[in-house]
Amino acid sequence: DIQMTQSPSSLPASLGDRVTITCRASQDIGNYLRWFQQKPGKSPRLMIYGATNLAAGVPSRFSGSRSGSDYSLTINSLESEDMAIYYCLQHNEYPLTFGSGTKLEIK
Amino acid sequence: QVKLLQSGAALVKPGASVKMSCKASGYTFTDYWVSWVKQSHGKSLEWIGEIYPNSGATNFNEKFKGKATLTVDKSTSTAYMELSRLTSEDSAIYYCTRLNFDYWGQGVMVTVSS
């Protein structure tokens with residue numbers, strides 16, 4: 001199975017900060033990488049697809065990038081509504097696998 | 001608008017089975033694979049498997065083969081997942097989601113307890 005190593009597991013940050021979350025794939029997954037946001041008691045929400053494409057309705061302060069096997073989600077100018085857990089997902093190969101999650105919280 | 005409406009929470013005894021539903025609306029049900037995802041309390045997400053409603057074709061995470069059975073009812077645009085031989089390890093929230101993971105159900109909390 002493809003392992004998605006996500007870091008950090010916890011990320012304290014201040015409002016207005018720029019933050020980056022990373023997932024490293026254990027094998028080549030091309031751009032078959034999605035990012036999700038999950039708030040307490042809610043279903044995951046698609047934020048980024050194809051590694052770099054913003055999903056519908058997602059604010060432009062979110063962006064995705066790729067460098068080799070490292071995939072990053074960046075949030076510019078953090079807002080309070082961004083505090084959540086973020087997960088990556090590779091869907092290049094079965095079984096689909098998620099990262100372990102990054103909890104973004106107010107410092 | 002696209003909606004995936006899942007059945008309610010379930011409390012089941014160890015060794016029993018549970019069947020949950022995911023009713024789709026707002027799109028052509030038979031055109032999109034439906035995936036199921038497990039989230040144990042406070043933990044990450046696990047992909048269980050997927051089903052293509054048009055043909056009934058399935059793909060599974062090996063870990064869940066023998067545990068999960070996926071079916072659909074095209075007449076009601078509903079996908080089902082049955083979990084068998086339940087143990088405490090199966091206590092979790094289970095989500096259905098459409099191909100591309102762009103729409104998700106609200107989740108079903110399954111609690112396995114005697």
Side-chain angles (χ1 to χ4, degrees), chain A residues 1-10 21-25 29 31-58 62 64 71 73 84-105, chain B residues 1-9 20 22-24 26-27 32-52 57-68 70 79 81 92-110:
Chain A
D1 298 0
I2 295 177
Q3 306 302 315
M4 300 301 297
T5 303
Q6 187 170 345
S7 61
S9 57
S10 176
I21 299 165
T22 298
C23 274
R24 174 169 291 176
I29 60 169
N31 284 335
Y32 292 97
L33 189 285
R34 293 168 184 261
W35 288 99
F36 298 90
Q37 175 193 69
Q38 188 178 33
K39 296 183 177 180
K42 299 294 186 182
S43 304
R45 174 192 177 190
L46 178 66
M47 305 299 281
I48 300 286
Y49 66 95
T52 61
N53 302 293
L54 215 58
V58 174
F62 288 85
Y71 299 81
L73 173 71
I85 300 177
Y86 292 84
Y87 298 96
C88 62
L89 165 72
Q90 72 78 21
H91 57 105
N92 180 64
E93 183 179 296
Y94 294 120
L96 310 189
T97 46
F98 290 87
S100 55
T102 295
K103 187 173 184 179
L104 184 55
E105 48 198 1
Chain B
Q1 69 279 33
V2 174
K3 288 187 179 179
L4 297 173
L5 183 61
Q6 296 187 243
S7 47
M20 62 192 75
C22 172
K23 183 172 175 58
Y27 72 98
Y32 293 81
W33 290 79
V34 173
S35 272
W36 292 85
V37 175
K38 176 183 180 182
Q39 186 167 39
S40 301
H41 181 66
K43 295 191 176 179
S44 185
L45 303 157
E46 286 184 283
W47 181 76
I48 296 170
E50 63 183 2
I51 185 165
Y52 188 53
T58 56
N59 294 300
F60 279 96
N61 185 335
E62 283 292 327
K63 178 179 177 181
F64 292 95
K65 282 186 177 178
K67 169 63 67 175
L70 304 182
M81 179 171 70
I93 296 175
Y94 294 88
Y95 295 100
C96 62
T97 174
R98 197 178 72 156
L99 174 72
N100 300 327
F101 297 82
D102 51 356
Y103 292 94
W104 294 65
Q106 81 276 21
V108 174
M109 181 175 290
V110 173

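Basis for what follows: all heavy atoms, side chains included, without hydrogens, waters or symmetry-related copies. A note on names: the letters A, B, ... follow the listed sequences, proteins ahead of strands, and every chain is numbered from 1. In this text, all values refer to a predicted model and were calculated from it rather than measured experimentally.
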Looking only at heavy atoms, which two atoms of A:Ser43 and B:Gly105 are closest? And how far apart?
-> OG-O, 2.6 Å
Should we count OH of A:Tyr32 as having more than 12 external heavy atoms under 6.0 Å?
-> no
Are there more than 12 heavy atoms of other residues, nucleotides or ligands under 6.0 Å from atom CZ of A:Arg24?
-> no
Compare all side-chain heavy atoms of A:Leu96 with those of B:Phe101 and state whether any distance is below 4.5 angstrom.
-> yes
Quick check on [X] against chain B: is it the side chain, the backbone, both or neither that has a heavy atom closer than 4.5 Å?
{"X": "A:Gln38", "answer": "side chain"}
{"X": "A:Leu89", "answer": "side chain"}
{"X": "A:Tyr49", "answer": "neither"}

ring-ring contact (aromatic ring centres under 6.0 Å, His included) against B:Phe60, all qualifying residues, sequence neighbours excluded | none
Report the residues that fulfil ring-ring contact (aromatic ring centres under 6.0 Å, His included) with A:Phe98, sequence neighbours left out, ordered by chain and then residue number.
-> none
If you round to the nearest 0.5 Å, how far is CG of B:Asp102 from CZ of A:Arg34?
-> 7.5 Å
Using non-hydrogen atoms and a limit below 4.5 Å, what part of residues 50-58 of chain A faces chain B?
-> none
B:Asn59 versus chain A, heavy atoms under 4.5 Å apart: side chain, backbone, both or neither?
-> side chain
Does anything in residues 37-47 of chain B get under 4.5 Å of chain A by heavy atoms, and if so which residues?
-> B:Val37, B:Gln39, B:Lys43, B:Ser44, B:Leu45, B:Glu46, B:Trp47
